[in-house]
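These notes concern the structure reproduced below.
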Amino acid sequence: MAQASAAQASAATIYVLNGPNLNLLGTREPETYGHATLADVEKLCAETAAHFGLKADCRQSNREGELIDFIHEAREKKAAGIIINAGGYSHTSIALHDAIVGVKIPTVEVHVSNIHAREDFRHHSFTARAAFASLCGFGIDGYRLAINGLAAKIGAKAKT
Ligand SMILES: O=C1C[C@@](O)(C(=O)O)C[C@@H](O)[C@@H]1O
């Protein structure tokens with residue numbers, strides 16, 4: 001019984017994964033990514049997740065392998081969902097695609113900028129292919145929208 005409660009508690013966690021250079025949000029190309037910082041993103045995610053009774057476990061890494069380890073950890077911890085902005089790895093990483101497919105956790109891809117209105121090399125995303133939904137171009141509000149969509153997908157109800 002105690003074990004079942006622990007599993008339920010961890011199932012109420014979503015992982016919010018940010019990839020390379022997203023630690024520079026706020027100072028990095030503000031004309032493209034805005035002025036909000038990664039701390040702002042993580043606060044927004046924590047607040048939005050809490051609205052659905054979920055906990056946001058936010059991680060950032062500039063290393064592909066570490067992002068893959070986070071995805072594997074999400075499965076070990078029985079996370080209810082993943083929000084991922086893999087930054088430049090979105091466009092290059094078959095390994096991240098395979099990790100998302102492999103763990104079978106409902107995943108939403110987010111990009112701060114509208115990748116389709118930018119250079120051709122940003123138009124394809126391996127992580128989008130592995131996710132059940134993808135959104136881009138809403139600035140950091142995309143993370144809030146992604147959590148709303150993920151909550152609907154996993155049946156997490158908004159707390160009044
Ligand atoms: O690092 C990033 C950020 C990004 O993922 C975004 O959030 O808009 C878009 C990517 O093309 C870029 O490499």
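All ligand and atom numbering here is 1-based and tracks the order in the structure. Only a predicted model underlies this, so the values are computations on that prediction, with no experimental measurement involved.
Among all protein heavy atoms, the one lying closest to atom 12 (C) of ligand 1 is Arg122 NH1, 3.3 Å. Summary of contacts: the protein heavy atom closest to atom 6 (C) of ligand 1 is Val112 N, 3.3 Å. Distance from atom 4 (C) of ligand 1 to its nearest protein heavy atom, with residue and atom name: His111 ND1, 3.6 Å. Nearest protein heavy-atom contact of atom 10 (C) of ligand 1 is His91 NE2, 3.4 Å. The protein heavy-atom contact nearest to atom 8 (O) of ligand 1 is Ser113 OG, 2.6 Å. Here the heavy atom of the protein found nearest to atom 1 (O) of ligand 1 is Arg28 NH2, 2.9 Å.
No side-chain donor-acceptor contact under 3.5 Å links Asn21 and Tyr33.
Using a 4.0 Å cutoff on heavy atoms, Tyr89 does not count as a contact of ligand 1.
In terms of polar-atom proximity, defined here as any N/O pair under 3.5 Å, Val110 makes no such contact with ligand 1. Checked against a 3.5 angstrom limit, the closest N/O atoms of Arg118 and ligand 1 fall outside it. An N or O contact shorter than 3.5 Å is missing between Ile115 and ligand 1 by distance.
With a heavy-atom cut-off of 4.0 Å, Asn85 touches ligand 1 through its side chain alone.
In this structure, Lys78 NZ and Thr13 OG1 are separated by 12.5 Å, a value rounded to the nearest 0.5 Å. Here the straight-line distance linking atom OG1 of Thr27 with atom NE2 of His35 works out to 10.5 Å at 0.5 Å rounding.
Under the side chain to side chain donor-acceptor pair (under 3.5 Å) rule, Tyr143 has a single partner from Asn18, Asn148, Thr48, which is Asn18.
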Residues Asp141, Arg144; criterion salt bridge (charged side-chain N to carboxylate O under 4.0 Å, His left out); working and verdict:
CA-CA 5 Å; Asp141 204 38; Arg144 185 184 63 78; 2.7 Å; yes
Steps toward side chain to side chain contact (heavy atoms under 4.5 Å, CB included) verdict (Val41, Asn85)
CA-CA 11 Å; Val41 168; Asn85 180 353; over 6 Å; no
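For His91 (side chain) and His124 (main-chain N/O), a donor-acceptor pair under 3.5 Å exists by modelled atom type.
Within a 6.0 Å radius of CZ in Arg129, other residues, nucleotides and ligands contribute 12 heavy atoms or fewer.
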